[in-house]
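Bear in mind the structure is a predicted one, so any value in this text is a computation, not a measurement. Proteins come first, then strands; the chains are lettered A, B, ... in the order of their sequence lines, and each starts at number 1.
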There are 2 protein chains.
Amino acid sequence: MTPTDVSTEAPVLATLRSALPADRVVVDPGVLASYVHDEAEWAEYGTPAALVRPRSTEEVRAVVLACLEHGTALVTRGAGTGLSGAANAVDGCVVLSTEKMAAITEINGVERLAVVQPGVVNDDLRAACAAEGLWYPPDPASAPWSTIGGNVATNAGGLCCVKYGVTRDYVLELELVNGLGEVVRVGRRTAKGVVGYDLVGLMVGSEGTLGVVTEVTVRLRGSRAPERTVVGYFDSVVDAGRAVEAVGASGVVPSALELVDRHCLEAVDAWKNMGLSVDANVVLLGRSDAPGPAGDEESATMLRCFEEAGATFAAASTDEAEAEALFDARRLAYPALERLGPLLTEDVCVPKAAVPEMLARVEAAATRHDVLIANIAHAGDGNLHPLISTPPGDDAARDRAQEAFRQIIADALDLGGTVSGEHGVGLLKREGLAQELSPQVVAMQRAVKQALDPHGILNPGKVL
Amino acid sequence: MTPTDVSTEAPVLATLRSALPADRVVVDPGVLASYVHDEAEWAEYGTPAALVRPRSTEEVRAVVLACLEHGTALVTRGAGTGLSGAANAVDGCVVLSTEKMAAITEINGVERLAVVQPGVVNDDLRAACAAEGLWYPPDPASAPWSTIGGNVATNAGGLCCVKYGVTRDYVLELELVNGLGEVVRVGRRTAKGVVGYDLVGLMVGSEGTLGVVTEVTVRLRGSRAPERTVVGYFDSVVDAGRAVEAVGASGVVPSALELVDRHCLEAVDAWKNMGLSVDANVVLLGRSDAPGPAGDEESATMLRCFEEAGATFAAASTDEAEAEALFDARRLAYPALERLGPLLTEDVCVPKAAVPEMLARVEAAATRHDVLIANIAHAGDGNLHPLISTPPGDDAARDRAQEAFRQIIADALDLGGTVSGEHGVGLLKREGLAQELSPQVVAMQRAVKQALDPHGILNPGKVL
């Protein structure tokens with residue numbers, strides 16, 4: 001810790017210092033700088049009064065009580081891989097990082113559940129489960145870095161969610177510190193339960209605005225059959241979109257159905273030198289994890305859908321290493337493009353039948369607003385991630401990108417879609433939320449926020 | 001409608017009559033008598049001022065506005081097959097039956113969803129979906145009578161939920177009239193969505209205390225492979241419980257794993273004369289719907305688990321008609337036992353590993369309190385339904401049954417379980433809710449109720 005002029009310190013700091021061991025409270029601006037925003041580059045952020053890194057539920061409680069005492073905003077964050085600005089600091093706030101609460105407390109094969117602290121990294125939990133023949137499905141592309149607490153806060157999706165659902169579908173029970181500074185447990189460890197309102201579901205996706213999660217009990221599945229991959233090359237995103245629609249109509253539920261375009265593949269190759277030599281403008285990656293002959297059938301159906309939609313090349317992959325390289329490229333697309341300049345990330349989700357039209361409208365928005373839009377997508381569930389890329393320092397391009405961003409949101413809503421499939425509202429989608437939800441529903445949301453955070457200290461200004 | 005002395009009528013009636021077509025409002029006591037309670041025989045109920053049977057969302061809204069104007073309690077009900085008293089009338093209330101809103105508006109194979117009015121009967125939706133090669137999984141034993149609206153209100157479970165989840169897992173979007181009398185839509189039609197708090201999840205299972213649902217959009221699955229059944233006979237519920245625990249530990253997720261005891265089978269046979277000649281005290285019915293060889297493997301594993309737990313007979317059924325008769329008997333167990341005398345129904349859900357111990361404690365409670373307890377159970381997810389049966393008119397037995405009821409709830413909580421796996425709180429489990437949830441969580445629940453039903457008209461006195 002650097003020396004600080006205590007006379008100018010925020011009053012909350014003295015309370016934090018008296019309540020917590022010294023190493024939990026950080027005010028060094030050099031350290032703080034790494035904790036002031038998430039990966040949503042275009043969202044504003046402020047200067048916090050302090051960073052705290054508690055190591056127990058009781059320490060988290062002490063932080064919440066300190067913030068309550070001083071009316072100080074509390075911004076909780078995991079790894080900061082979010083894409084909507086939900087973890088961004090506000091001026092004078094306390095930033096609470098869960099990084100020191102990273103224990104896997106229990107993995108239970110009979111009950112098929114795991115109990116973890118919020119700072120456990122997604123891939124670490126997956127690996128620990130795999131060692132027991134179990135599987136934690138939600139797999140955001142950020143899985144090597146993002147934490148379960150952050151995944152819970154944003155209701156994170158991922159690649160396998162088209163078949164296996166999102167984070168909310170896997171959260172059984174939460175321990176949290178609520179807006180009154182009380183430690184509470186909501187949900188249950190049993191397979192089913194209907195005692196009282198679903199406060200677990202309410203907390204999941206609430207972006208730290210309703211409580212600070214201190215422990216998560218997640219449902220697990222058993223290990224699954226090895227996946228097989230079907231690769232399709234397409235001249236246009238619209239052709240690829242038609243293939244996605246056809247898969248939907250075929251009745252096959254793939255274990256992944258990802259779209260990645262040439263811009264993304266080239267950006268990844270330029271960064272990682274993976275030797276991706278794909279002769280296509282758009283690649284679709286379909287997967288089936290159905291066991292035995294059912295998997296053969298699903299692969300064959302996807303292949304036929306790709307071909308009939310106009311694939312220039314389509315094949316059931318015989319080389320799973322090559323297939324995995326393509327999936328790695330898809331997961332690395334965001335950071336790879338981020339290297340090239342400021343990136344504005346969409347997260348619209350539309351009905352499957354609207355995927356071709358929505359992809360056409362994304363192309364039209366790029367042309368109309370003269371910006372580069374790269375595309376990755378969890379195409380199988382209609383969740384598209386147009387990445388609007390601008391040259392560094394080009395303010396005019398930034399303005400045009402903002403226009404394209406708004407256009408894409410309007411188009412998604414027009415096609416019966418939603419503004420955010422999995423990234424959350426944070427700061428970037430607040431305007432979109434107001435477009436998507438009626439004023440009456442926004443008022444219901446505000447009433448819930450007011451009920452559970454009556455003093456307004458929990459991540460104020462986010463979501464609503 | 002019978003003539004009524006308008007001078008003694010509740011003021012809300014005049015408002016209802018001016019707002020709705022005449023046939024929507026019923027005050028005939030003979031008709032009202034069929035709408036004053038659900039199937040929870042032991043729960044109290046009052047005398048309503050009127051029954052309304054609206055035919056549209058706007059008519060539902062008119063009812064809510066009338067109740068708001070006069071501060072009248074509004075009790076919404078589907079088919080009244082609930083088992084916790086959640087649909088029971090309170091004195092002077094308006095009972096709203098959704099029975100005239102029973103249209104299936106859309107079944108969409110590409111998006112895999114259906115849109116229905118709340119009064120659609122569960123089995124009717126399932127049949128309509130099946131005709132399109134689609135499947136709506138949640139299958140409470142009441143499926144031939146219960147409605148989707150009622151299933152949503154109680155977050156109904158069922159037989160296949162051990163593998164496929166409960167009603168909440170299938171609700172995508174709701175239209176409802178909220179506590180301010182506004183028509184709102186919450187949720188979305190897309191596969192994923194994270195814009196704002198999960199008001200859909202909050203409404204599901206809220207037993208009509210947070211809003212009146214007027215339209216439900218449910219997620220569908222594709223038709224599945226035919227099920228195969230494994231039958232096991234056991235001398236005791238504890239042996240059967242050990243088989244359930246073994247199936248859990250084996251990693252197999254059966255598509256059903258039901259327990260039904262001799263009391264239930266005999267009661268059904270006495271009623272329906274099905275010729276069930278089962279030489280066992282307890283029967284376990286396991287099912288697998290895994291396709292092809294995977295289904296063979298799952299069946300073989302379940303068979304082995306049954307045998308190793310001490311089954312006196314176990315076999316993969318070669319006669320699916322016979323297997324279906326056993327499942328029919330399981331579904332009919334509740335009404336069959338109801339014929340024999342007042343029935344108090346438990347709905348505790350415990351961790352899988354605790355199933356043998358919990359079943360032993362149920363037996364002990366029956367002995368200790370000298371009451372007959374029949375057992376049916378969604379054993380695979382630890383959701384037990386001990387049915388405490390008493391002779392008609394025997395008040396002492398009723399008192400002992402109440403004691404046994406409380407004992408079983410205490411035992412379930414002691415074993416890490418919940419008071420209600422799928423029936424809901426209603427009136428019968430309010431005491432249990434207060435035992436299960438901490439005062440702080442109850443206060444959070446009350447804050448949510450107050451936020452969304454500020455005038456307290458929506459099914460007051462239920463849940464909390």
Next on the checklist: Between K192(B) and E422(A), does any side-chain N to carboxylate O distance fall below 4.0 Å?
Outcome noted: yes
Checklist entry - Can you list the steps and then say if D381(B) with T190(A) is a side-chain contact (heavy atoms from CB on, under 4.5 Å)? => result CA-CA 8 Å; D381(B) 49 25; T190(A) 50; over 6 Å; no
Please confirm whether the backbone N or O of [Y] pairs with a side-chain atom of [X], one donor and one acceptor, at under 3.5 Å?
| X | Y | value |
| --- | --- | --- |
| R112(A) | G251(B) | yes |
| Q450(A) | A451(B) | no |
| Q445(A) | Y197(B) | yes |
| E111(B) | A353(A) | yes |

Pick one of side chain, backbone, both or neither for [X], based on which atoms fall under 4.5 Å of a heavy atom in chain A.
| X | answer |
| --- | --- |
| R221(B) | neither |
| L433(B) | both |
| N155(B) | both |
| V166(B) | side chain |
| K352(B) | both |
| V348(B) | neither |

Which one wins on heavy-atom pair count under 4.5 Å against chain A: [options]?
| options | result |
| --- | --- |
| V350(B), T154(B), V442(B), L210(B) | L210(B) |
| G196(B), G205(B), G157(B) | G196(B) |
| A447(B), P351(B), A290(B) | P351(B) |
| L199(B), V186(B), V419(B) | L199(B) |
| A191(B), S250(B), G109(B) | A191(B) |

Taking every non-hydrogen pair under 4.5 Å, which of [options] racks up the most with chain B?
| options | result |
| --- | --- |
| V441(A), L464(A), V463(A) | V441(A) |
| M444(A), R188(A), E182(A) | M444(A) |
| G222(A), G248(A), C161(A), S420(A) | S420(A) |
| E436(A), R189(A), E207(A) | E436(A) |

Return the minimal non-hydrogen interatomic distance between [X] and [Y], and the atom names on each side.
| X | Y | result |
| --- | --- | --- |
| D198(A) | G201(B) | CB-O, 3.6 Å |
| L202(B) | V448(A) | CD2-CG2, 4.4 Å |
| V184(B) | Q440(A) | CG1-CB, 3.5 Å |
| A249(B) | V110(A) | CB-CG2, 3.9 Å |

Checklist entry - Is there side-chain contact between P293(A) and P293(B), with at least one heavy-atom pair below 4.5 Å? => result yes
Checklist entry - With a 4.5 angstrom heavy-atom cut-off, which part of R446(A) approaches chain B: side chain, backbone, both or neither? => result neither
Checklist entry - Side chain, backbone, both or neither: which part of V253(A) has a non-hydrogen atom closer than 4.5 Å to chain B? => result side chain
Checklist entry - For H423(B) and V194(A), what are the C-alpha separation, side-chain angles and deciding distance, and is it a side-chain contact (heavy atoms from CB on, under 4.5 Å)? => result CA-CA 7 Å; H423(B) 292 172; V194(A) 289; 5.8 Å; no
Checklist entry - Can you list the steps and then say if V195(A) with L437(B) is a side-chain contact (heavy atoms from CB on, under 4.5 Å)? => result CA-CA 8 Å; V195(A) 171; L437(B) 305 181; 4.1 Å; yes
Checklist entry - Does CD in E106(B) sit with more than 12 non-hydrogen atoms of other residues, nucleotides or ligands closer than 6.0 Å? => result yes
